[in-house]
Amino acid sequence: TGKGATLGVLIKNAEALETLEKVDTLVIDKTGTLTEGKPELVSVEALNGFTETQVLQLAASLERASEHPLAEAIVGGAMARDLSFSDTDDFASITGKGVTGTIDNKAVALGNLQLLETLNIDSAELDTLTRQAETGRSAAQTVMFVVIDDQPAGLLAVADPIKDSTPEAIRELHAAGIKIVMLTGDSRTTANAVADTLNIDRVEAEVLPEQKADVVRQLQAADHIVAMAGDGINDAPALAQAHVGIAMGTGTDVAMESAGVTLVKGDLRGIVRARHLSRAVMRNIRQNLFFAFIYNSLGVPIAAGVLYPVFGLLLSPMLAAVAMSFSSVSVITNSLRLRHTQL
Ligand code: ADP
Ligand code: MG
């Protein structure tokens with residue numbers, strides 16, 4: 001644990017430590033990990049006669065009730081523009097899709113295409129809106145639709161820059177023979193834009209929260225040993241399903257509860273280090289088992305008299321006690337060597 005602390009890695013149980021060594025696939029939630037996790041509002045577009053101020057003011061008022069990182073970005077964007085907020089009635093959060101509510105007697109909805117489909121927004125307009133949204137998405141932005149009284153009213157784009165340490169972390173994970181799967185509820189275009197710059201092996205986008213654990217299950221069914229790294233927002237079941245759940249330190253308490261490993265500093269490189277630690281500890285445990293058994297497997301038969309008929313040799317209790325202590329000393333000395341392991 002002393003080692004782990006300096007690396008910002010907390011390993012909760014022996015099972016997680018043992019499994020880490022065998023992991024060949026890492027599933028990562030896009031927002032919890034790969035990116036900085038501090039999304040910012042980068043553009044507001046108004047449609048159908050609505051103004052940008054109206055769109056952002058209503059969207060941000062709605063998002064004040066949401067705990068999603070996207071909500072924080074939108075509320076922050078409105079505050080940066082000195083907009084005021086109104087009270088929301090009948091707030092509802094539709095996981096993996098967006099949020100709805102009533103503000104100043106207007107029905108306001110904010111979210112992705114699936115949300116608009118759920119709300120039965122006119123399908124002819126959806127095509128045009130999607131095309132408009134794709135521009136920002138191909139620049140890795142998350143683009144959401146704002147609907148006011150069943151009318152598409154605007155587009156909000158949020159950007160979450162890739163963490164500085166991510167490319168290096170991915171290189172190290174690849175070098176360790178680990179395949180990387182990106183898992184996100186965000187659009188395919190956004191996900192691919194992020195994945196392309198990062199050399200990700202596989203992208204699973206537009207995945208609803210309840211399907212995230214299924215993606216992990218499918219990889220496991222194909223005989224992969226899967227680690228899943230996430231922030232606990234919508235992905236706690238997937239964290240629990242994986243062979244090793246890895247909570248990112250920037251995430252929620254739920255994540256830490258569902259996960260065997262926590263990366264306190266949210267740095268993916270911790271996984272590679274934790275794996276080295278896992279390998280060193282497991283090798284050490286096997287050596288210790290050897291030390292523990294070798295004295296016994298030699299000493300016990302001698303004490304029982306196997307050498308007595310031929311050599312007249314028995315093990316005196318005093319020597320047996322010395323051997324027993326040597327066994328413990330060997331184990332402890334060997335374990336202490338772990339303190340010098342290069343991670
Ligand atoms: P992720 O896998 O990236 O954590 P989620 O499942 O939380 O994604 O959300 C998927 C998509 O649903 C988001 O990209 C966004 O378009 C929409 N969405 C979810 N929650 C909100 C919200 N509070 N406000 C706006 N859009 C949201
Ligand atoms: Mg999430």
Side-chain angles (χ1 to χ4, degrees), residues 27-41 44 55-56 58-78 88 91-101 103 108-119 129-130 133-134 136-137 140-147 153-160 162 181-195 203-216 228-239 245-248 250-252 254-255 258-259 266:
V27 179
I28 320 179
D29 180 289
K30 171 173 75 77
T31 42
T33 71
L34 290 176
T35 58
E36 279 177 4
K38 288 191 217 84
E40 281 196 27
L41 182 70
V44 182
V55 167
L56 182 56
L58 289 172
S61 298
L62 188 56
E63 290 285 29
R64 272 202 308 176
S66 164
E67 285 167 359
H68 202 282
L70 288 169
E72 225 171 289
I74 292 165
V75 172
T88 301
F91 174 82
S93 161
I94 302 146
T95 37
K97 296 182 182 174
V99 286
T100 60
I103 303 162
V108 184
L110 168 63
N112 57 16
L113 190 64
Q114 281 119 306
L115 179 74
L116 270 55
E117 283 165 354
T118 311
L119 298 174
L129 283 178
T130 304
E134 286 296 291
R137 287 175 181 162
Q141 295 168 359
T142 299
V143 183
M144 290 149 287
F145 303 111
V146 182
V147 175
L155 298 164
L156 299 182
V158 164
D160 188 4
I162 289 165
V181 180
M182 186 173 102
L183 183 61
T184 180
D186 210 334
S187 77
R188 204 165 305 279
T189 309
T190 309
N192 284 336
V194 175
V203 178
E204 297 284 342
E206 297 175 21
V207 182
L208 285 174
E210 64 266 25
Q211 295 166 342
K212 287 188 175 176
D214 290 339
V215 171
V216 173
M228 158 88 200
D231 58 8
I233 301 167
N234 296 341
D235 53 21
L239 286 177
I246 300 171
M248 302 308 281
T250 44
T252 61
V254 186
S258 335

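Starting from 1, each residue takes its place in the sequence as its number. Atoms within a ligand are numbered from 1 in the order they appear, just like the ligands themselves.
Near K212, the atoms of ligand 1 lying under 4.0 angstrom from a non-hydrogen atom of the residue are 1 (P), 2 (O), 4 (O). Each of the atoms 26 (N) of ligand 1 lies under 4.0 Å from some heavy atom of G111. Close contacts between ligand 1 and T184 involve ligand atoms 2 (O), 3 (O) [criterion: under 4.0 Å to a heavy atom].
Between G96 and ligand 1, a contact under 3.5 Å exists for at least one N or O pair. The distance criterion of under 3.5 Å between nitrogen or oxygen atoms is met by N112 with respect to ligand 1. For a threshold of 3.5 Å applied to N or O pairs, the pair formed by G185 and ligand 1 contains at least one separation below that value.
In this structure, atom 21 (C) of ligand 1 lies nearest to the protein heavy atom G98 CA, 3.7 Å. From the protein, the heavy atom lying nearest to atom 7 (O) of ligand 1 is H68 NE2, 2.5 Å. Nearest to atom 24 (N) of ligand 1 among the protein's heavy atoms is E63 OE2, 2.5 Å. Among protein heavy atoms, atom 13 (C) of ligand 1 sits closest to L70 CD1, 3.7 Å. In terms of protein heavy-atom proximity, atom 26 (N) of ligand 1 is closest to M144 SD, 3.5 Å. Counting protein heavy atoms only, atom 4 (O) of ligand 1 is closest to T31 OG1, 3.5 Å.
Contact annotation: Q114 has no heavy atom less than 4.0 Å from any atom of ligand 1.
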